[in-house]
Amino acid sequence: FKQSAVVGYMVAGVIIGNAGGALDDKSNVETLANLGVILLMFTIGLEFNWSRLKRLGLTALSSGAMQIGLTIVVAMSIGLAFLPWKGAFAIAAALAMSSTAVVLPVLQKRAEADSVHGRFALGMLLVQDLAVVPMVLIVGALGTVAGAQPATGMDIVLGTLTGFGVVALFVLGFYLFSMFALPWLVKVAVPSRNRDVLTLFAFLMAMGSAWLAQKVGISPALGALLAAIFLGESIIAPQLRSDVNPLKTVFVTLFFSAIGMYLDVRWFISDYAWVYVLVLTAMIVVIKPAVVTAVGLIMKLTPRSAVAAGCSMAQVGLFSFVLAQMALQGKIIEQTHFDMVVAATILTLFLTPYTVALGRPLGSRFDTFLRKRGLSRAKIGQEPVAEKLAKGHIVVVGYGP
């Protein structure tokens, strides 16, 4: 079906989770999902590229922040008709996130990762990776601890500020570790010439940082992500990425198949749940591209590039699941709302290759529509290469990656 392997893992999870009553014990599925998300967040953190984000500069930061903010405002405005404001915010925050693990391979396969719209979408995805830190803290502060009273306005503010303080100390600790302890560890380990040492070290860091984060009161997945971001900038980062990369397939499979296991087919086909899921999916596929397109036009992209970037972001993914799971555990949303987010995640990820492929043709039609009405603001220097370079130019073949 020309799909990402991630979709296959989720479909396999749906089949396994609904065969022989495997879903009857949700605790087993939750354990698998938690383990998978910790390990996957660690590998994402290792690959987080500060230098790439710096190259994309203020454009990426401002457009990413604008996209997240506008998506939350639009989604929350709709959600308030059905949910209390805390639940509406948590669902809106989850829907604002997209999936780097699916979008980037699709763009690379289509040779669009370094196009104008590809770089714009990638910048937003990198900002989303950073934005998950405050999102997790805010959603965590909104929740109710087992047996406690629901959080008040002051509790939310204090909880969020406390969370930021704990994260700051956590970050400081890993910064000091990477600056002082890690070089010493490398000096001890390298002479052994045993590459297994670094692989085991990475696994230990992933689980250890998650355990430490849980002990100090923040999300284990967030702890693994923060630790990996600092390791990703350390002297052993290239070797770590190389050694952990084969394991990434296992982590991705574990996490996304666990997401599939959460989807109860009996629930999906009963009481018209599938209708609500399809409506939510349609809203995501329409609203997110519309928001990204609007942000792209504000940031002076051509209409065709803005639409193509928007079509690339028409899904929810890993961080959406993390935020929805936290909201469920904090009793901000109900099990039905969580199930809807899981089902919408599976459907939007399935549609991603098709929405990305639709981006360029749809962008061209939108640009033509605006030009005919004299509304396009595209400058001559922003014309597509095929139209601009008809003759008298040079093509350099084989330069760069």
Q) Stepwise, does the side chain to side chain contact (heavy atoms under 4.5 Å, CB included) test hold for L349 with M10? A) CA-CA 10 Å; L349 290 180; M10 289 191 294; 3.4 Å; yes
Indicate yes or no for a side-chain donor-acceptor contact from [X] to the backbone of [Y] under 3.5 Å, with no hydrogens or angles considered.
X: E112; Y: K109; answer: no
X: T352; Y: T348; answer: yes
X: S320; Y: A94; answer: yes

[X] to [Y] - nearest heavy-atom pair and separation:
X: A308; Y: H117; value: CB-CG, 3.5 Å
X: F120; Y: A309; value: CD2-CB, 3.8 Å
X: A343; Y: L263; value: CB-CD1, 3.8 Å
X: I332; Y: A90; value: CG2-CB, 4.3 Å
X: N18; Y: R266; value: OD1-N, 4.4 Å
X: Q128; Y: A96; value: NE2-O, 3.3 Å

Q | Worked verdict on I15 versus V11 for side chain to side chain contact (heavy atoms under 4.5 Å, CB included) | A | CA-CA 6 Å; I15 295 169; V11 172; 4.2 Å; yes
Quick one: are [X] and [Y] in side-chain contact, heavy atoms under 4.5 Å?
X: Y354; Y: V285; result: no
X: L222; Y: L226; result: yes
X: T100; Y: D129; result: yes
X: L254; Y: L35; result: yes
X: L328; Y: Q335; result: yes

Q: Give a yes or no on whether F177 atom CZ has more than 12 heavy-atom contacts from other residues, nucleotides or ligands under 6.0 Å away.
A: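 Yes, CZ of F177 has more than 12 neighbouring heavy atoms, counting only those of other groups under 6.0 Å.
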Q: Give a yes or no on this: more than 12 heavy atoms of other residues, nucleotides or ligands lie within 6.0 Å of atom CD of E334.
A: no
How far does [atom1] of [X] sit from [atom2] of [Y], to the nearest 0.5 angstrom?
X: M97; Y: M124; atom1: CE; atom2: CE; result: 12.5 Å
X: I333; Y: L83; atom1: CD1; atom2: CG; result: 8.0 Å
X: I346; Y: F256; atom1: CD1; atom2: CZ; result: 10.5 Å
X: L370; Y: T302; atom1: CG; atom2: OG1; result: 10.5 Å
X: T71; Y: K288; atom1: OG1; atom2: NZ; result: 6.5 Å
X: M207; Y: I38; atom1: CE; atom2: CD1; result: 5.0 Å

Q: Report the relative orientation of the aromatic rings in F369 and F366; use parallel for angles under 30°, tilted for 30 to 60°, perpendicular for over 60°.
A: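 Rings of F369 and F366: parallel, under 30°.
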Q.
Determine whether Y276 and T336 satisfy the following criterion, side chain to side chain contact (heavy atoms under 4.5 Å, CB included), listing intermediate values before the conclusion.
A. CA-CA 11 Å; Y276 297 108; T336 303; over 6 Å; no
(Q) Checking L95 against L280 for the side chain to side chain contact (heavy atoms under 4.5 Å, CB included) test, could you report, in this order, the C-alpha distance in whole Å, the side-chain angles of both residues, the deciding distance, and whether it holds? (A) CA-CA 10 Å; L95 299 186; L280 178 61; 4.0 Å; yes
Q. Using the benzene-type ring in the case of Trp, are the ring centres of F321 and F338 under 6.0 Å apart?
A. yes
**Q.** side-chain contact (heavy atoms from CB on, under 4.5 Å) partner of V307, chosen from S305, P303, C311
**A.**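 The passing option is C311.
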